[in-house]
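Structure first, commentary second.
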Protein chains: 2
Amino acid sequence: MPGRNRLFDEEKALAQAAEVFWIKGYEAASTEDLLAAMDMNKGSLYNAFGNKRELFVKVFDWFAQRFIRNMKEVFAKHANTIDAIREIFLHVAYADDPMEHTKGCFYVNILGETTGMDPDLEKVAKEKLIEIEKLFYKELTKAWKAGQLTSSIQPALLAKHLLNLWNGINITRRLYGEKELGKLVELNLQLCFSGK
Amino acid sequence: MPGRNRLFDEEKALAQAAEVFWIKGYEAASTEDLLAAMDMNKGSLYNAFGNKRELFVKVFDWFAQRFIRNMKEVFAKHANTIDAIREIFLHVAYADDPMEHTKGCFYVNILGETTGMDPDLEKVAKEKLIEIEKLFYKELTKAWKAGQLTSSIQPALLAKHLLNLWNGINITRRLYGEKELGKLVELNLQLCFSGK
DNA sequence: ATTATTTTATACCAATCGGTCAAAAATAAA
DNA sequence: TTTATTTTTGACCGATTGGTATAAAATAAT
């Protein structure tokens with residue numbers, strides 16, 4: 001019954017495609033760009049993934065799955081929720097690779113590109129960002145109940161504030177150096193978590 | 001010597017083009033889109049503005065001139081600097097037209113689109129945003145010297161924080177309703193200006 | 001009215017876009 | 001080994017992209 005085996009590794013292909021979409025955006029990423037990065041031919045790509053849009057959604061979901069898993073691991077690693085939040089934001093300020101400052105947040109980029117132009121992709125990007133807020137909310141509530149939260153701000157509002165900080169810092173990282181970004185993060189942490 | 005008079009009004013043409021670039025972005029705004037919005041023919045546009053890129057730069061500079069002038073007027077209007085800052089950010093939260101939430105900040109949009117892809121336009125967008133920071137800094141310093149600033153944060157850092165808030169809220173406005181955006185703004189003002 | 005100059009209008013251009021198609025190559029069940 | 005099925009490959013497609021060319025229309029100085 002079955003035919004020829006696939007020459008490409010789906011996981012690697014998705015990772016390479018994610019890189020292209022992340023840097024160039026959805027529309028600006030041409031099929032040629034994707035083909036080159038994924039090391040595939042046009043026919044193979046369309047046979048395996050349908051079309052550019054379906055590929056993007058698959059790539060975006062794959063990326064989001066890894067992203068949220070990594071974020072959860074940071075929370076799991078720290079006994080103190082505030083320490084986890086600090087690590088998450090300082091990791092934006094002081095990136096592993098300077099290119100990450102150029103790339104920004106994949107979610108934010110796609111939301112910016114598609115809002116008002118492509119309702120379906122806009123909705124997908126929104127959902128991913130709200131997922132971050134929900135994770136913040138869950139962890140903040142946990143810390144609140146444990147009496148661990150040194151903040152007078154309600155968890156629901158604080159979670160939104162942190163997502164807003166996430167959005168902001170992922171734009172601002174294209175303007176300032178790492179030291180200045182670090183100061184902005186520390187300021188926000190101090191303002192949120194030092195008072196009572 | 002001179003020939004035919006222009007049928008179009010340059011100011012109006014720039015305003016219409018700005019609207020297209022603002023909503024669609026630089027690359028996604030096609031010449032056909034621009035032509036339709038500006039109510040011109042292709043030959044006229046290229047004769048008057050050179051090419052798409054030159055048009056964009058002219059549009060962007062024209063927009064920035066109006067933008068910074070409006071912002072300065074808000075500061076001039078208020079005796080208290082914090083009141084001016086409140087008006088500026090609440091005007092983002094509660095927009096005159098709901099479409100403004102979709103459009104976001106023209107500067108932020110272009111910075112996001114061009115970073116790492118189009119160094120020249122990236123630089124232009126960066127400069128416009130830094131101009132906002134500089135205006136915040138100037139006004140905060142003025143308020144500081146007047147003993148008017150109820151904040152323990154240094155003006156230089158506070159100005160960066162406000163630009164970061166600007167960047168963030170102009171993304172976040174695509175996620176939340178006006179009431180929630182208003183709460184985020186008030187929280188930030190309280191955190192920045194209520195303590196000592 | 002002629003003339004030099006400018007703008008307008010539209011047909012046209014090569015390049016690139018996302019996507020299709022058919023043939024060749026590879027595979028495992030029969 | 002034959003056969004049914006799948007993947008790979010690259011030529012090809014119409015549509016759209018930013019930009020150009022040319023001629024008509026309009027203008028003010030001569």
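Below, chain A is the first sequence line, B the second, and so on; all start at residue 1.
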> Quick one: B:L45 CG to D:dT17 C1', roughly how many Å, whole number?
Replying inline: 15 Å
> Can you tell which of B:N167, B:L129, B:T115 makes a side chain to side chain contact (heavy atoms under 4.5 Å, CB included) with A:R174?
Replying inline: B:T115
>> Measure CZ/B:F49 against P/C:dT6 and give the value in whole Å, please.
In response: 17 Å
> Can a side chain N or O of A:R4 be found less than 4.0 Å away from OP1 or OP2 on D:dT8?
Replying inline: no
> How long is the span from the CG atom in B:L90 to the CD atom in B:E178, to the nearest 0.5 Å?
Replying inline: 10.5 Å
>> Judged by each residue's nearest nucleotide on DNA chain D, which is more toward the 5′ side, B:G50 or A:A48?
In response: A:A48
> Given atom CE of B:M38 and atom C1' of D:dG18, what is their separation to the nearest angstrom?
Replying inline: 15 Å
Quick one: side chains of residues 154-164 of chain A, donor-acceptor pairs under 3.5 Å with protein atoms, not counting sequence neighbours, listed by atom name and distance.
| from | atom 1 | to | atom 2 | distance (Å) |
| --- | --- | --- | --- | --- |
| A:K160 | NZ | A:E133 | OE2 | 3.0 |
| A:N164 | OD1 | B:I169 | N | 3.3 |
| A:N164 | OD1 | B:T172 | OG1 | 2.5 |

>> Please enumerate all residues that pass ring pair (Phe, Tyr, Trp, His ring centres under 6.0 Å) together with A:F8, with sequence neighbours excluded.
In response: none
Please tabulate, one pair per line, all N/O donor-acceptor pairs under 3.5 Å involving side-chain atoms of residues 56-66 of chain A, not counting sequence neighbours.
| from | atom 1 | to | atom 2 | distance (Å) |
| --- | --- | --- | --- | --- |
| A:K58 | NZ | A:E10 | OE2 | 3.3 |
| A:D61 | OD1 | A:K128 | NZ | 2.5 |
| A:W62 | NE1 | A:E11 | OE2 | 3.3 |

>> Quick check on DNA chain D: between B:L7 and B:G43, whose nearest nucleotide comes earlier from the 5' end?
In response: B:G43
>> It should be established whether A:N41 places a side-chain nitrogen or oxygen under 4.0 Å from OP1 or OP2 of nucleotide D:dT8.
In response: no
> What is the distance, rounded to the nearest whole Å, between atom CG of A:N47 and atom P of C:dG19?
Replying inline: 15 Å
> To the nearest Å, how far apart are B:F8 CZ and C:dA9 P?
Replying inline: 11 Å
>> For A:E113, give me all partners under salt bridge (charged side-chain N to carboxylate O under 4.0 Å, His left out), at least two apart in sequence or on another chain.
In response: none
Please report, to 0.1 Å, the donor-acceptor pairs under 3.5 Å made by any side chain of residues 34-51 of chain B, with sequence neighbours excluded.
| from | atom 1 | to | atom 2 | distance (Å) |
| --- | --- | --- | --- | --- |
| B:K42 | NZ | B:E32 | OE2 | 3.3 |
| B:N51 | OD1 | B:R53 | N | 3.2 |
| B:N51 | OD1 | B:E54 | N | 2.9 |

>> Expressed as a whole number of angstroms, how long is the span from B:R6:CZ to D:dA26:P?
In response: 18 Å
Output a table of nitrogen or oxygen pairs between the protein and nucleotides 14-18 of chain C separated by less than 3.5 Å.
| from | atom 1 | to | atom 2 | distance (Å) |
| --- | --- | --- | --- | --- |
| C:dG18 | OP1 | A:A29 | O | 3.4 |
| C:dG18 | OP1 | A:K52 | NZ | 2.7 |
| C:dG18 | OP2 | A:T31 | N | 2.8 |
| C:dG18 | OP2 | A:T31 | OG1 | 3.0 |

>> Is there a side-chain contact between B:N5 and the phosphate of D:dA26, meaning an N or O under 4.0 Å from OP1 or OP2?
In response: no
> D:dT8 P sits how many Å from A:E10 CD, rounded?
Replying inline: 11 Å
